[in-house]
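Given the structure is predicted, the values throughout are model-derived calculations rather than measurements. Remember, it's 1-based here, ligands and their atoms both numbered in the order they're listed. Positions are given from 1 along the sequence.
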Amino acid sequence: SNKIKVAILGYGNLGKGVELSILKNPDMSLEAVFSRRDPKSVKTINTPVYSVENILDYKDKIDVLILCGGSKDDLPVQTPEFAQYFNTVDSYDNHAQIPEYFASVDAVAQKSKKIAMISVGWDPGMFSINRLFGEALLPDGETYTFWGKGLSQGHSDAIRRVEGVKAGVQYTLPSTKAIEEVRSGVRPSLSTKDKHTRECFIVLKDGADASKIENEIKTMPNYFEPYDTSVNFISQEEFDKNHNTMPHGGFVIRSGNSSNGINQVIEYSLKLDSNPEFTASVIVAYTRAVYKMALKGEFGAKSVLDVAPALLSMKSNETLRKELL
Ligand code: NDP
């Protein structure tokens with residue numbers, strides 16, 4: 001067929017999200033999932049799983065390889081390795097290390113003449129693009145990024161370590177007050193603490209002391225003490241029913257002045273039921289862009305800031321001019 005042939009390397013939350021997202025993109029076909037684990041132990045929805053040991057057999061059968069490994073330990077090794085043989089897309093999200101990561105991947109992709117698209121997702125990713133738009137369009141201004149409502153893995157772990165807690169999750173919420181202030185165009189200076197509040201949902205062990213636990217959480221240094229924190233006690237049934245997804249999202253707001261006293265405010269917002277599924281959806285659109293750029297003979301490392309929007313679309317440029325301009 002003339003579909004874009006893709007494969008996934010690494011099948012965790014993000015890998016599964018990519019498999020689901022490809023089902024919504026009829027111009028693509030998912031040929032294979034590769035894993036470092038025993039393929040028999042990896043349960044996909046309906047894609048064949050192979051050992052990563054055999055991945056080079058697919059060198060000429062796959063247009064783009066989507067790397068779904070973790071940013072901390074997997075991608076710094078896997079992307080430079082596989083950019084030797086494949087056009088790649090990844091979601092590397094260690095912001096401080098991106099320039100070095102880009103350089104190490106670019107060195108490989110320049111030689112292999114492949115495209116290696118790095119740090120695709122929403123932050124980094126769609127939020128980065130919107131920060132760029134804001135700065136470029138309103139040079140005299142401030143950019144504000146708020147995260148949430150989002151499940152924080154680190155803070156959830158911290159509350160689960162408190163004695164008497166049977167199960168717990170923590171959501172980070174953007175502060176409504178801070179957002180309203182930013183939207184008004186006054187360009188406030190806000191600390192991280194001013195920008196976010198924390199909300200905990202906890203199931204107690206039998207006989208545990210709720211008020212003691214609430215106090216222990218609210219006064220936990222660094223994690224909760226600096227924030228406005230609320231603690232809610234719920235039943236195991238409610239916990240299982242309402243707290244089993246990975247919601248996330250946030251806002252990028254640029255507040256600027258085009259002349260004295262003239263406020264211009266730009267806002268981009270995401271409300272995501274599933275962080276990995278949305279990240280995967282962004283990755284799949286950029287996979288299409290990688291395919292189109294590779295057809296034109298481009299190569300090297302790229303970030304989302306390097307890609308023209310039309311390349312993301314399933315439609316031709318002619319159709320896009322008619323429908324979207
Ligand atoms: P996971 O921990 O679910 O998966 C990472 C890897 O772990 C998999 O690719 C898989 O590789 C391996 N793995 C080992 N054992 C298991 C197991 N039992 N079950 C599932 N996987 C296993 O991470 P996520 O998929 O949630 O996230 C991947 C990365 O995506 C994150 O590190 C983060 O950096 C990035 N991300 C980026 C975002 C952005 O906006 N830019 C947003 C969200 C995430 P293998 O199959 O080879 O064993």
Under a 4.0 angstrom heavy-atom cut-off, which atoms of ligand 1 come close to [X]?
X	value
Trp122	39 (C), 40 (O), 42 (C)
Gly121	39 (C), 40 (O), 41 (N)
Pro124	39 (C), 40 (O), 41 (N)
Leu14	24 (P), 25 (O), 30 (O)
Val120	41 (N)

- [ ] For the pair Ser112 (side chain) and Ala83 (backbone), establish whether a donor and an acceptor sit closer than 3.5 Å, ignoring hydrogens and angles.
- [x] yes
Task: Exam field: side chain Glu19 to backbone Asn46, donor-acceptor pair closer than 3.5 Å - done: yes
Output yes when the distance from some N or O of ligand 1 to some N or O of [X] is under 3.5 Å, and no in every other case.
X	result
Gly15	no
Ser35	yes
Arg36	yes
Phe34	no

Task: Atom pair OH (Tyr101) and OG (Ser71), whose distance is rounded to the nearest 0.5 Å - done: 7.5 Å
- [ ] Could you see which bit of Asp123 sits under 4.0 Å from ligand 1, with heavy atoms only: side chain, backbone, both or neither?
- [x] backbone
Task: ligand 1 versus Cys68: contacting region, heavy-atom distance under 4.0 Å - done: backbone
Open item on the list: Checking a contact table here: which protein heavy atom is nearest atom 32 (O) of ligand 1, and how many Å away?
Closed with: Ser71 N, 2.9 Å
Open item on the list: Counting non-hydrogen protein atoms only, what is the nearest one to atom 19 (N) of ligand 1? Give residue, atom name and distance.
Closed with: Arg37 NH1, 3.4 Å
Task: Pair Thr172-Arg198, side-chain donor/acceptor within less than 3.5 Å - done: yes
- [ ] Report yes if the side chains of Phe133 and Leu138 come closer than 4.5 Å at any heavy-atom pair, otherwise no.
- [x] no
When you measure from the heavy atoms of [X] to every atom of ligand 1, does any distance fall below 4.0 Å?
X	result
Asn94	no
Pro276	no
Gly125	no

Would you call [X] and [Y] a salt bridge, using N to O less than 4.0 angstrom?
X	Y	result
Lys218	Glu214	yes
Lys61	Glu31	no
Glu180	Lys177	no

Open item on the list: Taking the six-membered ring for Trp, are Tyr171 and His243 closer than 6.0 Å centroid to centroid?
Closed with: yes
Task: 4.0 Å protein heavy-atom contact status of atom 2 (O) of ligand 1, strictly under - done: no
